[in-house]
Amino acid sequence: MAAPTTSRPGGDSLYSDDHQAFREVVRTFIERSVLPHDREWEAQHRPSRELFTSAGAQGLLLFAAPEEHGGAGIEDFRFNAVVSEEFGRHGLSAPGLALALQNDVLGPYFLELTNDEQKARWLPGLVSGELVTAIGMTEPGTGSDVAAIRTRAVRDGDEYVVDGAKTFISNGLNADLVVTAVRTGDDPHKGLSLLVIPTDLPGLERHLLDKIGLHGQDTCELAFTGMRVPAANLLGAEGDGFHHLMRNLAQERLSLAVLALAAAEGVLENTLDYVRERTAFGRTIGSFQNSRFVLAEVATEIDVTRCFVEDCLAEHLRGELDAARAAKAKWWCTDVQARTADRCLQLFGGYGYMSEYPVGRAFVEARVQKIYGGTNEIMKEIVGRDLGL
């Protein structure tokens, strides 16, 4: 997909000059280190490890990591958002998701729950991209129900013996470390713990899943059979896993919202370029009233959504974004992304259904956004409960 034609997403009131300068760094990284390999990664169903090491070399990973461990020591989620926005607007949801997992989803676990020894052991590799992470929550048959997790970890001296399975694990093939929700007790909530499982230990099998879209992202099933994991890899206290998972979900869902909105903006810009050039019946497609009305509606919905997302980002920077508002952002933005891709594809006619046109890929990849990170139906359930219903 071609680079966006507008100067930048994001309002001046939210992003400073430092953020906009960083945006240019991300755009240059995408143009030099990502776009040339995009088709290759699609064909092999995962990005190469160089995506992470190159991102690390450019300072695009774990901004909040302390300087002593190679990070910048900057706790400002706007830098995370800039990375997701640029990947989304360039139509690169798959590698964008891969980096967002490292930064937005897994970053807080390694920064906030690790002791000094664990920080020294893991953070330098996470910052450099030499270590790739994944999160193991979803299990076959449990879906979004975290309390129903059955993968069990039994303490045996200085180790945990892990048995069970996880599915739909993004970064599953590339991952060196999987932050895994395991059952260490029988209580649905207080019996859950978080264990960092290295993928080079015996007892792990990984199976790549065949998806209908997002082909450049490795999504796997993981099977643990008698896997012995050092007890020193426990994150936080035993039994606190459910609390930690819930605490980090707001940022994860905001991250998905940011990526979804940016992807919608990218699709709109590419569609505007197309309808200004493509002709039918002696006129440009964009000159027809239907095209103008459709794109006017899409542009307005995106602008309104941008205001909402930036308000959520501002709340998150103040530490005030709650679970219900994050759920609203996730389901609304992913719905907007899917509607935008669908309506824009229609304006391309038959060409929109051809894989060589970015809008077709955008249409397919938008669909999963309404599923992962908690289905949009679950998001609405969270919002409904917040309303006291």
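Just so you know, residue 1 is the first one in the sequence shown, and it goes up from there.
- A salt bridge between Glu85 and Arg89 is absent, with no side-chain N of the basic residue lying under 4.0 Å from a carboxylate O of the acidic one.
- A continuous path of Ile, Leu, Val, Met, Phe, Trp and Tyr side chains, each step under 4.5 Å between heavy atoms, connects Ile302 with Tyr274, placing both in one hydrophobic cluster.
- Counting heavy-atom neighbours within 6.0 Å of Arg155 CZ, excluding the residue itself, gives a total above 12.
- Within the 4.5 Å cutoff, the side chain of Leu111 has heavy atoms near those of the Pro66 side chain.
- Judged by distance alone, the side chain of Glu221 and the main-chain N or O of Lys166 form no donor-acceptor pair under 3.5 Å.
- A side-chain donor-acceptor contact under 3.5 Å links Ser128 to the backbone of Gly125.
- Leu194 is not listed as a side-chain neighbour of Asp240, based on a closest heavy-atom distance of 4.5 Å or more.
- Open room surrounds CD on Gln346; 12 or fewer heavy atoms of other groups in view lie less than 6.0 Å from it.
- Under 4.0 Å is where a charged nitrogen must lie from a carboxylate oxygen, and between Arg27 and Glu24 at least one such pair does.
- Atom CZ of Phe363 has 12 or fewer heavy atoms from other residues, nucleotides or ligands within 6.0 Å.
- Between Arg306 and Leu261, some side-chain heavy-atom pair lies under the 4.5 Å cut-off.
- Under the 4.5 Å side-chain criterion, counting only non-hydrogen atoms from C-beta, Leu113 is in contact with Arg247.
- Judged purely by atom type and a 3.5 angstrom limit, Arg318 has no side-chain atom pairing as donor or acceptor with the backbone of Glu320.
- Remark: the Asn248 side chain and the Arg253 side chain contain no N/O donor-acceptor pair separated by less than 3.5 Å.
- Between the side chain of Thr180 and the backbone N or O of Val182, no donor-acceptor pair lies under 3.5 Å.
- The distance between the ring centers of Phe79 and His19 falls below 6.0 angstrom.
- Within a 6.0 Å radius of CZ in Phe77, other residues, nucleotides and ligands contribute more than 12 heavy atoms.
- Inspection of the Gln217 and Asn171 side chains reveals an N or O donor paired with an N or O acceptor under 3.5 Å.
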N/O donor to acceptor pairs below 3.5 angstrom from side-chain atoms of residues 347-355, sequence neighbours left out:
none

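- In this structure, the ring of Phe63 has its center less than 6.0 angstrom from the ring center of Phe22.
- One finds no salt bridge joining Asp322 and Lys328 here, because no Lys/Arg side-chain nitrogen approaches an Asp/Glu carboxylate oxygen to under 4.0 Å.
- Annotation for Phe52 and Pro47: closest pair CE1-CG, 4.4 Å, computed over non-hydrogen atoms.
- A donor-acceptor pair under 3.5 Å links the side-chain atoms of Thr151 to the main chain of Ala165, judged by distance alone.
- Nearest heavy-atom pair, Ile169 versus Gly136, reported as atom, atom and distance to 0.1 Å: CD1-CA, 3.8 Å.
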* Asked: So Glu68 and Lys119, salt bridge (charged side-chain N to carboxylate O under 4.0 Å, His left out) or not? Walk me through it.
  -> CA-CA 10 Å; Glu68 64 191 274; Lys119 283 182 170 66; over 6 Å; no
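- We find the CG-OG1 distance between Leu204 and Thr225 to be 8.5 Å, quoted to the nearest 0.5 Å.
- When atom types are taken as modelled, the side chain of Thr279 and the backbone of Gly282 share no donor-acceptor pair closer than 3.5 angstrom.
- Side chain to side chain, Tyr372 and Glu252 fail the donor-acceptor criterion of an N or O pair below 3.5 Å.
- Taking Ile, Leu, Val, Met, Phe, Trp and Tyr as members and joining any whose side-chain heavy atoms lie under 4.5 Å apart, directly or through other members, the hydrophobic cluster of Leu173 also contains Leu208.
- For Asp200, the CG atom counts as densely surrounded, since its 6.0 Å shell holds more than 12 non-hydrogen atoms of other residues, nucleotides or ligands.
- Side-chain contact annotation: Thr334 with Lys370, donor-acceptor N/O pair under 3.5 Å absent.
- A cation-pi arrangement is found for Arg23 relative to Tyr15, the charged atom lying closer than 6.0 Å to the ring centre and inside a 45° cone about the ring normal.
- Considering every non-hydrogen atom in both Val275 and Thr284, the closest pair reads O-CB, 3.6 Å.
- Here the rule is side-chain contact (heavy atoms from CB on, under 4.5 Å) with Trp331, and of Gln369, Glu377, Met379 only Met379 fits it.
- Nearest approach of Ala153 to Thr184, heavy atoms of both residues: O-CG2, 3.7 Å.
- The environment of Asp158 atom CG is sparse: at most 12 non-hydrogen atoms of other residues, nucleotides or ligands sit within 6.0 angstrom.
- The shortest non-hydrogen separation linking Cys344 to Thr271 is CB-OG1, 3.2 Å.
- Enclosure of atom CZ in Arg343 by more than 12 non-hydrogen atoms of other residues, nucleotides or ligands within 6.0 angstrom is indicated.
- Inter-residue side-chain proximity for Val34 and Trp41 is flagged as met; some heavy-atom pair is nearer than 4.5 Å.
- Side-chain contact between Asp163 and Arg152: absent, with no pair of heavy atoms (C-beta onward) separated by less than 4.5 Å.
- Between the Arg206 side chain and the Cys220 main chain, no donor and acceptor come within less than 3.5 Å of each other.
- In this model, a donor atom of one side chain and an acceptor atom of the other lie less than 3.5 Å apart for Thr305 and Trp332.
- Put simply, the side chain of Asn174 reaches to within 4.5 Å of the side chain of Arg49, judged on heavy atoms.
- Side chain to side chain, Asp210 and His45 fail the donor-acceptor criterion of an N or O pair below 3.5 Å.
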Which donor-acceptor pairs under 3.5 Å do side chains of residues 91-105 form with protein atoms, sequence neighbours excluded?
from, atom 1, to, atom 2, distance (Å)
Gln102, OE1, Thr133, N, 3.0
Gln102, OE1, Thr133, OG1, 2.9
Gln102, NE2, Leu126, O, 3.3
Gln102, NE2, Leu131, O, 2.8
Asn103, OD1, Leu62, N, 2.7
Asn103, ND2, Leu60, O, 3.0
Asp104, OD1, Asn80, ND2, 2.8
Asp104, OD2, Ser255, OG, 2.6

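- For the atom pair OG1 (Thr199) and CD (Glu205), the distance works out to 13.5 Å, reported to the nearest 0.5 Å.
- Linking Ile, Leu, Val, Met, Phe, Trp and Tyr residues whenever their side-chain heavy atoms come within less than 4.5 Å leaves Ile197 and Tyr109 in two separate clusters.
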* Asked: Would Lys380 and Val383 count as a side chain to side chain contact (heavy atoms under 4.5 Å, CB included) if you check the C-alpha gap in whole Å, the side-chain angles of each, and the deciding distance to 0.1 Å?
  -> CA-CA 5 Å; Lys380 294 174 186 178; Val383 174; 5.5 Å; no
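- A distance-only check finds no donor-acceptor pair linking the side chain of Ser291 to the backbone of Ser287 [under 3.5 Å].
- The only option from Val359, Val298, Leu345, Asp342 that meets the side-chain contact (heavy atoms from CB on, under 4.5 Å) definition with Val267 turns out to be Val359.
- Here the side chain of Thr219 pairs no donor or acceptor atom with the backbone of Ser170 at under 3.5 angstrom.
- Taking all atoms of both residues into account, the shortest heavy-atom contact from Pro230 to Leu201 is CD-CD1, 4.2 Å.
- Cluster membership check: Leu313 shares its hydrophobic cluster with Val336, using side-chain heavy-atom separations under 4.5 Å among Ile, Leu, Val, Met, Phe, Trp and Tyr.
- A donor-acceptor distance shorter than 3.5 angstrom exists from the side chain of Arg150 to the backbone of Pro140, with no hydrogens or angles considered.
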* To do: Could you please spell out the steps behind the salt bridge (charged side-chain N to carboxylate O under 4.0 Å, His left out) verdict for Arg325 and Asp386?
  => CA-CA 9 Å; Arg325 200 125 199 268; Asp386 187 63; over 6 Å; no
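- At most 12 heavy atoms of other shown residues, nucleotides or ligands fall within 6.0 angstrom of atom CD in Glu75.
- Side chains of Cys333 and Val258 form no contact here, defined as non-hydrogen atoms less than 4.5 Å apart.
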